[in-house]
Chemist: 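Take this structure first; my questions come after.
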Amino acid sequence: MHPAFSVIFLTTLIGAGQGLFLALITGQSYAAVQLLPSQDSTQFYGNGAAIVMLFLIGGLIASFFHLGRPERAWRAASQWRTSWLSREVIVLPALMFLVFVYGVMHYFEWDTVLFTTKEGAKLQVTLVVGIIGALATFLLFLCTGMIYGCLKFLQEWHSPLTVINYTLLGTASGFVLATAFANHNAPELMRFFGIWATIITIAAFITRSASLIRNSRIKAKSTMQTALGVRHNKIQQKAMGFMGGSVNTRDFFHHASAILFKSMKWVFIVLVFIVPVIVIWYGITEANTTVLLTAFVIQYIGLIAERWFFFAQANHPQNLYYQTI
Amino acid sequence: MTQLALIIDLNVCVGCHACVTSCKEWNTSGSAGFMTDENPYSKDPTGTFFNRVQTYEIGEFPATETLHFPKSCLHCEDPPCVPVCPTGASYKRKEDGIVLVDYDKCIGCRYCSWACPYGVREIDETQKVMKKCTLCVDRIYDEELPESERKPACVLACPTSARLFGDVHDSESDVSVTIREEGGYQLMPEWGTKPANHYLPRRKTRMNIHEDELQRADNPLKKEERGPSAPVDAPTLDDSTSW
């Protein structure tokens with residue numbers, strides 16, 4: 001498939017935003033049961049939610065560049081019964097709304113304590129909103145992953161690993177960002193987020209490697225024989241019916257050289273997993289925001305490469321019909 | 001239930017592209033608007049077509065055979081492109097099984113083209129909506145036209161009658177009989193899309209009788225004939241054997 005930058009930015013930006021939001025909720029949940037010191041509502045959660053919103057809005061804007069007719073985008077919410085894309089179109093604004101409510105409640109400290117246990121654990125209204133938001137976050141990861149995972153002919157995508165990878169990679173990048181953000185706004189949480197960021201990055205490395213191994217051994221179900229219905233081992237296309245290219249030749253091939261395609265895999269393995277883990281470890285020991293932010297930026301660039309490879313690797317069966325001019 | 005479809009006879013298709021041009025001509029002049037053609041007479045021409053004719057070579061030289069292969073929307077009975085559409089612009093008509101795109105609802109997200117394993121949906125780069133074969137839905141029901149012309153433009157244009165049009169759900173229709181009797185098949189059956197369009201294979205008439213079988217060895221008419229005998233001057237058993 002042709003890697004469209006609109007979709008690459010959409011999935012990586014909202015992934016980072018969703019991950020950061022999950023990090024905030026994780027932090028607040030731990031604080032609610034007094035495992036972590038509680039943080040300033042405005043400084044930490046309010047500003048954190050604002051950053052989440054920036055990422056989600058960025059992703060939403062990127063998604064519009066993918067549409068031929070963005071002015072009709074509102075129609076895309078209608079087919080949620082059958083289409084994962086439609087479900088994503090509903091869940092994304094719903095999550096943005098929840099993040100907005102969560103951020104505003106924190107920013108203005110409208111934070112009623114619903115009840116307190118004998119041990120001192122407090123359930124705040126914001127945490128309830130946050131947990132609903134966290135569910136919406138996971139739902140959005142599911143929708144995003146299933147958009148690709150539900151297409152059975154794209155065998156590279158048609159696997160539960162697609163959803164798992166979208167979830168773990170997005171969460172990892174959000175937690176790395178949370179580490180840098182915490183170092184600046186809530187230093188005592190920095191180590192907590194840093195360790196989680198490392199664990200999730202390693203988990204994502206395992207599942208992404210699993211999908212790379214799976215994809216390298218895929219046997220294509222469609223062949224020249226089934227595409228034409230001709231029983232002969234040797235079939236060669238001589239003409240595709242036109243000479244100047246069409247949507248079929250532009251949208252379904254990555255058009256990159258074999259070397260670039262192969263190297264992209266190693267580029268993302270190094271930039272998404274190896275370098276960030278080292279840089280985070282260094283950033284934690286030095287407690288340096290710039291270093292931690294660098295880890296996020298490196299991983300984000302790596303995720304762009306990862307998404308590019310994700311699309312480029314998928315081989316659409318229609319390509320059988322478009323092999324030569 | 002009705003399921004309109006095309007039957008394409010690969011045995012007679014000569015790859016002339018008449019179906020491609022007549023399809024484009026009819027559909028670019030329709031009420032749904034033109035079909036984009038960018039740089040038609042200069043470098044890198046590109047545009048939207050509902051129908052393409054491709055050419056394949058089967059076998060290895062010198063034992064090769066050329067296959068001309070027209071390809072358009074197969075109007076699947078279980079179309080994978082329809083449920084993925086987020087706006088409901090892609091739909092399958094209940095009354096005749098034609099898969100259509102509502103150009104006023106389409107947002108041009110291309111997701112349906114990803115979901116079609118046959119690559120028959122082409123986005124119109126000017127109107128930014130997805131387009132595909134309509135089976136000339138604006139023609140086949142047009143009562144202004146004489147009945148013989150109420151067929152898709154490609155079917156009327158084909159000079160070798162390689163394209164048949166009809167209801168594949170009616171077991172007695174011409175197309176159903178043809179599929180049944182001439183070995184009609186579907187493309188990429190492995191995906192369970194159940195394409196309504198069928199293809200007829202290349203068929204050759206070969207004699208399946210061996211040369212030996214042309215002369216019947218135990219022909220009863222020859223029963224009373226004299227059996228084979230040695231020439232008169234050939235040595236007999238008496239000549240060579242001492243009793």
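Labels below follow one simple rule: chain letters A, B, ... track the order of the sequence lines, proteins then strands, and each chain is numbered from 1. All values below were derived from every heavy atom in this structure, side-chain atoms included, with hydrogens, water molecules and symmetry-related copies excluded. In this text the structure is predicted, and so the values were computed from the model without any measurement.
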Chemist: Using a 6.0 Å cut-off, check whether atom CZ of Phe100(A) has over 12 heavy atoms from anything other than its own residue.
Modeler: no
Chemist: Can you tell me if Thr46(B) and Glu38(B) form a side-chain donor-acceptor pair at under 3.5 Å?
Modeler: no
Chemist: Could you look at Leu151(A) and say if it's the side chain, the backbone, both or neither that has a heavy atom under 4.5 Å from chain B?
Modeler: side chain
Chemist: Between Cys85(B), Gly59(B), Pro189(B), which residue shows the highest count of heavy-atom pairs closer than 4.5 Å to chain A?
Modeler: Gly59(B)
Chemist: Heavy-atom distance under 4.5 Å to chain A: side chain of His17(B), backbone, both or neither?
Modeler: side chain
Chemist: Pick one of side chain, backbone, both or neither for Tyr321(A), based on which atoms fall under 4.5 Å of a heavy atom in chain B.
Modeler: both
Chemist: Report the option among Leu187(B), Leu67(B), Ile107(B) that has the most heavy-atom pairs separated by less than 4.5 Å from atoms of chain A.
Modeler: Ile107(B)
Chemist: Counting only heavy atoms from other residues, nucleotides and ligands, does the tally under 6.0 Å from CZ of Arg231(A) exceed 12?
Modeler: no
Chemist: Report the C-alpha distance between Asp78(B) and Lys194(B) in whole Å, list the side-chain angles of each, state the deciding distance to 0.1 Å, and finish with yes or no for salt bridge (charged side-chain N to carboxylate O under 4.0 Å, His left out).
Modeler: CA-CA 6 Å; Asp78(B) 190 1; Lys194(B) 292 195 259 169; 5.7 Å; no
Chemist: Against chain B, label His66(A) side chain, backbone, both or neither, depending on which of its atoms sit under 4.5 Å from a heavy atom there.
Modeler: both
Chemist: Do the side-chain N and O atoms of Thr12(A) and Arg307(A) include a donor-acceptor pair separated by under 3.5 angstrom?
Modeler: no
Chemist: Which residue out of Glu71(A), Gln323(A), His316(A), Arg87(A) racks up the most heavy-atom pairs below 4.5 Å with chain B?
Modeler: His316(A)
Chemist: Against chain B, label Ala314(A) side chain, backbone, both or neither, depending on which of its atoms sit under 4.5 Å from a heavy atom there.
Modeler: neither
Chemist: So, is the end of the Lys221(A) side chain (NZ or CZ) under 6.0 Å from the ring centre of Phe153(A) and within 45° of the ring's axis?
Modeler: no
Chemist: Give, as side chain, backbone, both or neither, the part of Val20(B) having an atom under 4.5 angstrom from any heavy atom of chain A.
Modeler: neither
Chemist: Quick check for you: to the nearest 0.5 Å, what is the distance between Leu6(B) atom CG and Cys158(B) atom SG?
Modeler: 11.0 Å
Chemist: Check each atom of Pro45(B) against the heavy atoms of chain A and say whether the ones under 4.5 Å are side chain, backbone, both or neither.
Modeler: both
Chemist: Could you tell me which portion of Tyr199(B) (side chain, backbone, both or neither) has an atom closer than 4.5 angstrom to a non-hydrogen atom of chain A?
Modeler: neither
Chemist: Where on Thr66(B) is there a heavy atom nearer than 4.5 Å to chain A: the side chain, the backbone, both, or neither?
Modeler: neither
Chemist: With a 4.5 Å cut-off on heavy-atom pairs, point out which of Gly15(B), Pro86(B), Gly108(B) contacts chain A the most.
Modeler: Pro86(B)
Chemist: For chain A, which of Tyr111(B), Tyr56(B), Phe69(B) has the most heavy-atom pairs under 4.5 Å?
Modeler: Tyr56(B)
Chemist: State, without any angle test, whether Asp96(B) and Thr2(B) hold a side-chain donor-acceptor pair at a distance under 3.5 Å.
Modeler: no
Chemist: In terms of heavy-atom proximity below 4.5 Å to chain B, should Ile147(A) be classed as side chain, backbone, both, or neither?
Modeler: both
Chemist: If you count heavy-atom pairs under 4.5 Å with chain B, which of Glu88(A), Arg81(A), Met240(A), Met224(A) comes out on top?
Modeler: Met240(A)
Chemist: Go through the side-chain N and O atoms of Gln3(B) and Lys92(B) and say whether any donor and acceptor fall under 3.5 Å apart.
Modeler: yes
Chemist: With respect to chain A, which residue among Tyr118(B), Phe49(B), Tyr185(B) yields the maximal number of heavy-atom pairs within a distance under 4.5 Å?
Modeler: Tyr185(B)
Chemist: When heavy-atom pairs shorter than 4.5 Å are enumerated against chain B, which of Gln236(A), Lys238(A), Arg72(A) gives the highest number?
Modeler: Arg72(A)
Chemist: Tell me which of these, Ala73(A), Gly229(A), Ser63(A), Ser6(A), has more heavy-atom pairs under 4.5 Å with chain B than the rest.
Modeler: Gly229(A)
Chemist: Taking every heavy-atom pair that is under 4.5 Å apart, which of Gln318(A), Gln79(A), Met1(A) has the most such pairs with chain B?
Modeler: Gln79(A)
Chemist: What part of Cys109(B) gets closer than 4.5 Å to chain A, counting heavy atoms only: side chain, backbone, both or neither?
Modeler: both
Chemist: Work out which heavy atom in Gly119(B) is nearest to a heavy atom in Asn248(A); give both atom names and the distance.
Modeler: O-ND2, 2.7 Å
Chemist: So which part of Met243(A) gets closer than 4.5 Å to some heavy atom of chain B, the side chain, the backbone, both or neither?
Modeler: neither
Chemist: Name the member of Ser222(A), Gly244(A), Gly245(A) that forms the most heavy-atom pairs with chain B at distances under 4.5 Å.
Modeler: Ser222(A)
Chemist: Checking heavy atoms, do the side chain of Asn233(A), its backbone, both or neither come under 4.5 Å from chain B?
Modeler: neither
Chemist: Other residues, nucleotides and ligands only: do more than 12 of their heavy atoms fall within 6.0 Å of NZ on Lys151(B)?
Modeler: no
Chemist: Check Phe141(A), Trp84(A), Tyr148(A) against Tyr166(A) for a ring pair (Phe, Tyr, Trp, His ring centres under 6.0 Å) and give me the one that passes.
Modeler: Tyr148(A)
Chemist: At what distance, to the nearest 0.5 angstrom, does CG of Asn27(B) lie from CG of Asn51(B)?
Modeler: 10.0 Å
Chemist: Examine the side chains of Tyr300(A) and Ser173(A) and answer whether a donor and an acceptor come within less than 3.5 Å of each other.
Modeler: no
Chemist: Do Arg208(A) and Ser211(A) have a side chain donor and acceptor closer than 3.5 Å?
Modeler: yes
Chemist: Arg250(A) versus chain B, heavy atoms under 4.5 Å apart: side chain, backbone, both or neither?
Modeler: side chain
Chemist: Please classify the contact between Ala227(A) and chain B as side chain, backbone, both or neither, with a heavy-atom cut-off of under 4.5 Å.
Modeler: both
Chemist: What part of Lys43(B) gets within 4.5 angstrom of chain A, counting heavy atoms only: side chain, backbone, both, or neither?
Modeler: neither
Chemist: I need the Ile90(A) CD1 to Leu85(A) CG distance, nearest 0.5 Å.
Modeler: 10.5 Å
Chemist: For Glu125(B), is it the side chain, the backbone, both, or neither that has a heavy atom closer than 4.5 Å to a heavy atom of chain A?
Modeler: side chain
Chemist: If you measure only the distance, is there a donor-acceptor pair under 3.5 Å linking the side chains of His198(B) and Glu182(B)?
Modeler: no
Chemist: With a 4.5 Å cut-off on heavy-atom pairs, point out which of Asp44(B), Val84(B), Val120(B), Val129(B) contacts chain A the most.
Modeler: Val84(B)
